[in-house]
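Structure, as structure tokens:
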There are 2 protein chains.
Amino acid sequence: MNSHDAHVEGPDLAALAALLADGTRASFCLALLDGRAWTAIELARYAGVAASTATGHLNLLVSGGLLTQERQGRHRYVRLADPDTAELIEKLASMAPRRADPPRSLPAANRSRALARARTCYDHLAGALGVAITEAMTERGLLDWEQGLTLTSDGTTWLAELGIAQPPATRRPPVRSCLDWTERRPHLAGAVGAALCRHTFDAGWITRIGTSRAVALTDTGKRALKDHLGLVDETQTPVR
Amino acid sequence: MNSHDAHVEGPDLAALAALLADGTRASFCLALLDGRAWTAIELARYAGVAASTATGHLNLLVSGGLLTQERQGRHRYVRLADPDTAELIEKLASMAPRRADPPRSLPAANRSRALARARTCYDHLAGALGVAITEAMTERGLLDWEQGLTLTSDGTTWLAELGIAQPPATRRPPVRSCLDWTERRPHLAGAVGAALCRHTFDAGWITRIGTSRAVALTDTGKRALKDHLGLVDETQTPVR
DNA sequence: GCGATCCTTCGGCGGCCGCCGAAGGATCGC
DNA sequence: GCGATCCTTCGGCGGCCGCCGAAGGATCGC
């Protein structure tokens, strides 16, 4: 820190960045990027630290405004505070250097394969599936990238046909492009991305794989994607 | 750091955040957010640290990919690496807590007044002027916020009339909304925002105030804004 | 050529911060 | 009620990291 700092004005960027500058806190945030609420002990185990250490980190993240918490009996549930926070973490993740080591064990390799195939990213879909849906929507003229990403009038109609209500106008943009870590191509985020993701769960198109953020396409989902987007099976599970 | 970290996969978010988690490095980045190249000693004086300290920080920021450098004689010039980096710093700045103390000295108060009025933010315009231009463009139907921010066909025509060439299609979005720190409302960023800002300099609508990132509207500029956007003087220097 | 300026390397100091385990409070399941 | 589980507080350890000044190389202006 700077003892005789002449620049007390302006935003305290370092204070915010410091919250994410620790390996354990960063791994908490990446875990929470699945959009769900986790308990303190779940996060501690995930990151491989003692429960007392996790408590301290969560206190920092909550009081710093990045997480919100909810006490339920003996459990402390935390989640990302809002879409803005998720967006910040996504942006950092998309620009951060990759870690060198690939996963070594077979289970770990399977886990990261499943994640790369399809997962939630905060409140929308990501991985090969998320990217494939986004690209199919573009090809069908539901999304337009000419002047920034927009939903076309065909897109509005398409959503209505699926029974997805147009999300109410808030500060959050309806459609937003989010760079996919594994695919290195953009997938659909924003309020419409969230509504679409919710629909795929509600309509039984996808289900969670165990307790992870990875998801699997159901048979219903395969049929629905073929009917509504012309997406065939091969597209969803590309051979790499 | 976590000694037996089970999560070596994925982006190293903490490493990137750590670059911005120091008060001195953060103040360097905020200074560089004016889009210009600074020498090492200029940044050291700005942040109030010894030259040797600045050297160390710049080495970290450059090798971390946030800054690019250029040697010219005895000078070391650094600037933000790319628009993506500027966007990351903007996002952090817009979410970071404000610092408590208002500026105490009269010159400092004048400086921050000038910055709030009109300044560059990386390669586009910000402050009351940037926001006023953005809002005037919206009122005239040159920008549309319905489905995310877009440039309308009227907007394209308007740019052409000003002699601003449509920026070539790259990964960078043509128009983007950037939350203004001082106004707490969005101003225009992206490739079009940059082209417009360049035009205002080239056409002599604005000039730098001294060596700061603050800019002043010229008489030519006032006339141009009135002619092309219907912006009257009052709008540009609102009484707060 | 000769000071002045810009920048760098190095050594050393000091403080912050992440970690754990022990102890204990609160809640749960049976 | 009574272990088990979740979470927290506390003390203490260790290491990292930001800071400076001194010394010196490289370049500049005159």
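Everything numeric in this text was worked out from a predicted model, so none of it was measured. Below, read A as the first sequence line, B as the second, and so on, with proteins coming before strands; counting in each chain starts at 1.
In this structure, the salt bridge (Lys or Arg N to Asp or Glu O under 4.0 Å) partners of B:D84, at least two apart in sequence or on a different chain, are A:K91, B:R171. Listed by chain and number, the residues in a salt bridge (Lys or Arg N to Asp or Glu O under 4.0 Å) with B:R76 amount to none (sequence neighbours excluded). For A:R25, the salt bridge (Lys or Arg N to Asp or Glu O under 4.0 Å) test picks out no residue, with sequence neighbours left out. Residues that satisfy the salt bridge (Lys or Arg N to Asp or Glu O under 4.0 Å) test with A:R79, not counting sequence neighbours, are absent from this structure.
The interatomic distance linking B:L43 (CG) with D:dG18 (P) rounds to 16 Å, in whole Å. Computed from coordinates, the B:N59 CG to D:dC17 C1' distance equals 15 Å when rounded to whole Å. Between the CG atom of B:L60 and the P atom of C:dT8 there is a distance of 13 Å, rounded to whole Å. The distance from atom CG of A:D22 to atom P of D:dG15 is 17 Å, rounded to the nearest whole Å. Separating the CD1 atom of A:I41 from the C1' atom of C:dA26 is a distance of 14 Å, rounded to the nearest angstrom. Between the C1' atom of C:dC16 and the CZ atom of A:R25 lies a distance of 12 Å, rounded to the nearest Å.
When the side-chain nitrogen and oxygen atoms of B:R45 are compared with OP1 and OP2 of C:dC6, one or more of them lie within a distance under 4.0 Å. Distances shown here put every side-chain N or O of A:S52 at or beyond 4.0 Å from the OP1 or OP2 atom of D:dC7. For D:dC20, one of the phosphate oxygens OP1 or OP2 lies less than 4.0 angstrom from a side-chain nitrogen or oxygen of B:T53.
Contact check of residues 69-77 of chain B against DNA chain C (heavy atom, cut-off under 4.0 Å) returns B:R71, B:R74, B:H75, B:R76.
Checking D:dC20, C:dT8, D:dC6 against the side-chain heavy atoms of B:A51 singles out C:dT8 as nearest.
For residues 23-44 of chain A, the ring-ring contact (aromatic ring centres under 6.0 Å, His included) pairs, not counting sequence neighbours, are A:W38-A:Y46.
Side chain of B:E183 to main chain of B:D180: no donor-acceptor pair is present (N/O by atom type, distance under 3.5 Å, no hydrogens or angles).
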**Q.** Paired and unpaired positions of DNA chain D as dot-bracket, Watson-Crick or G-U wobble under 3.5 Å, | denoting a partner strand
**A.** ||||||||||||||||||||||||||||||
Name the atoms and distances for all side-chain donor-acceptor pairs under 3.5 Å in residues 199-208 of chain A, with sequence neighbours left out.
residue, atom, partner, partner atom, Å
A:T200, OG1, A:C197, O, 2.6
A:R208, NH1, A:T120, OG1, 3.1

N/O donor to acceptor pairs below 3.5 angstrom from side-chain atoms of residues 188-195 of chain B, sequence neighbours left out:
none

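Residues B:L66 and B:L16 are in side-chain contact: their nearest non-hydrogen atoms beyond the backbone lie under 4.5 Å apart.
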